[in-house]
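Proteins come first, then strands; the chains are lettered A, B, ... in the order of their sequence lines, and each starts at number 1.
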Number of protein chains: 2
Amino acid sequence: MSSEIPDIVIGRLPIYLRELTLLAQEGQEVTSSHELGKRLGISSAQIRKDLSWFGPFGKQGTGYQINYLQEQLKKILQVDHEWPVAVVGAGDLGRALARYGGFAHRGFRIACIFDNDPGKIGSYVGNLQVLGVEKIKEEIAAHHIQIAMIAVPASHAQEVADTLVEAGVRAILNYAPIILSVPDGVRVQYIDPAAHLQHMTYYLR
Amino acid sequence: MSSEIPDIVIGRLPIYLRELTLLAQEGQEVTSSHELGKRLGISSAQIRKDLSWFGPFGKQGTGYQINYLQEQLKKILQVDHEWPVAVVGAGDLGRALARYGGFAHRGFRIACIFDNDPGKIGSYVGNLQVLGVEKIKEEIAAHHIQIAMIAVPASHAQEVADTLVEAGVRAILNYAPIILSVPDGVRVQYIDPAAHLQHMTYYLR
DNA sequence: AAAAGTTTGTGAAACATATGACATATCCTA
DNA sequence: TAGGATATGTCATATGTTTCACAAACTTTT
């Protein structure tokens, strides 16, 4: 009976939420599945169907109250409160992530950053001091951090992931170009820009 | 008859190629759909089916010659030669992308980097000098660049995309958290780390 | 040289996802 | 207040994707 909500639907919710925030910034108060779909390049039927997994949020004849739908999506995605996030790797990418301003208003706060390079440990990234990787366990446990981003070379990513999982992390955003092996209950998402580029070069003929 | 190859299949080829490279680095010469699938967390049937869209690359009883399959995938994805890539935005992210060592052996060379900040123009990122955005058109045309990465704030991303398309770019990897509007024939891929994180927080209950 | 063991490539079946279409509700205009 | 316009939520349908299962080809063992 209570069939599970498809993961692919969950994956679209952040995009809906993002676009709603944009609409709100533009001063709009109400939108429709049609308008949203047009802006996102998605069919209006799909948006209505996706949302209907979670409840009736709209009003026939009118559409969706933007503020209300935003709140509901935040609740569903559990970003109605802030998550502390750990960054492992204080190279160019790790530092860029730690300083990126786009996380704050979307439910995330970079809480700590780690590296294994003695030359980097102790230095500051924004107002965060880089900690040694040996501190991962205590720091993550102390702050009950459940989310981490891995921005270390592929050769060290699995080892880092193991440590993070041991420390209690349950969601990993992995920038290293390898598949991580993690126990059940831990989720991993991957970002591999070169793979995206190769996906596109296929079509460049 | 000649049905088109699904885009989702194309999207997996770079992952297969990446894993083959890893296997080759480990000194292995032959692999099987089963081994590959196990390492990637994908069913062996899917890998065989995906590859079969392009031809018979394996040998029954043996599996796949890694070198050969790598070559074939590179040819299919058109990364058997190097593509020059433009980066727009020389902030933390743009600089991290420009200096990232992971593109070179996967078919890409960062050819130029642009910014609109007079304080950044003229400075060096690695051995690339940051150019002003007003140079985008001439530079991209001169070097026949067809691929670009956008690493500017959301507020400027569409404008940058328009300029890039006008200059001849046909593939864009967009790091700005907005959907870009581009003409037919131009492909866009999106990277939005906050969206990935929100996708995962859904499951953190 | 035969038997046992692997592994591919592929059609058919199962499963998952997206679209179409419409009853119903609401808004707007006159 | 009636009629036209708009938009949701949902069931049925269509499309897309993955898995299953097996013949055929090859390797290894006995």
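A:Asn67 and A:Glu71 are not linked by any side-chain donor-acceptor pair at a separation below 3.5 angstrom, with hydrogens and angles left out of the test. Under the 3.5 Å distance criterion, with hydrogens and angles disregarded, a donor-acceptor pair is assigned to the side chains of B:Asp162 and B:Gln158.
Closest to the side chain of A:Thr62, from the set C:dC27, D:dA24, D:dT27, is C:dC27. The side chain of B:Ala45 lies closest to D:dC20, out of D:dC20, D:dA24, D:dT10. Of the candidate nucleotides C:dC27, C:dT10, D:dT27, D:dT27 has the atom nearest to the side chain of B:Lys59. Nearest nucleotide to the side chain of A:Lys49, out of D:dG9, C:dG9, D:dA12: D:dA12. In this structure, of C:dT8, D:dC11, D:dT8, it is D:dT8 that holds the atom nearest to the side chain of A:Ser32. Residue A:Gln60 places its side chain closer to C:dT24 than to any other of C:dT7, D:dG9, C:dT24.
A:Phe54 has its side chain within reach of A:Val9: a pair of non-hydrogen atoms, C-beta onward, lies under 4.5 Å apart. Looking only at side-chain heavy atoms (C-beta outward), A:His156 and A:Asn116 come within less than 4.5 Å of each other. A:Leu17 has its side chain within reach of A:Gln70: a pair of non-hydrogen atoms, C-beta onward, lies under 4.5 Å apart. Using a 4.5 Å cut-off on side-chain heavy atoms (C-beta onward), B:Gln198 and A:Leu13 make no contact.
In this structure, B:Leu36 places its CG atom 13 Å from P of C:dG9, rounding to the nearest Å. At whole-Å resolution of the value, CD in B:Gln46 and P in D:dT17 are 11 Å apart. Here the P atom of nucleotide C:dG9 and the CG atom of B:Asp50 are 12 Å apart, to the nearest Å. Between A:Arg48 atom CZ and C:dA25 atom P there is a gap of 16 Å when expressed in whole angstrom units. What separates CD1 of A:Ile47 from C1' of C:dT17 is a distance of 15 Å, to the nearest Å. In this structure, A:Gln65 atom CD and C:dT26 atom P are separated by 15 Å, rounded to whole Å. Spacing between atom CG of B:Asp7 and atom P of C:dT17 amounts to 16 Å, rounded to whole angstrom units. In this structure, NE2 of B:His34 is placed 16 Å from C1' of D:dA21, rounded to the nearest angstrom.
B:Ser33 comes within contact range of the sugar-phosphate backbone alone, with a heavy-atom separation under 4.0 Å but no base atom that close. Among the atoms of the strands shown, only primed sugar atoms or phosphate atoms (P, OP1, OP2) are found under 4.0 Å from some heavy atom of A:Ile8.
In this model, the phosphate group of D:dG9 is approached by a side-chain N or O of A:Tyr64 to a distance below 4.0 Å at OP1 or OP2. Of the side-chain N and O atoms in A:Ser43, one or more sit less than 4.0 angstrom from OP1 or OP2 of C:dT19.
The aromatic rings of A:Tyr100 and A:Phe103 sit perpendicular, their planes meeting at an angle over 60°, well past the 30° parallel limit.
Terminal axes of the helix from C:dA1-D:dT30 to C:dA30-D:dT1 (five pairs each, C1' rotation axis) are separated by 20°, to the nearest 10°.
No more than 12 heavy-atom neighbours from other residues, nucleotides or ligands sit within 6.0 angstrom of CZ on B:Arg99.
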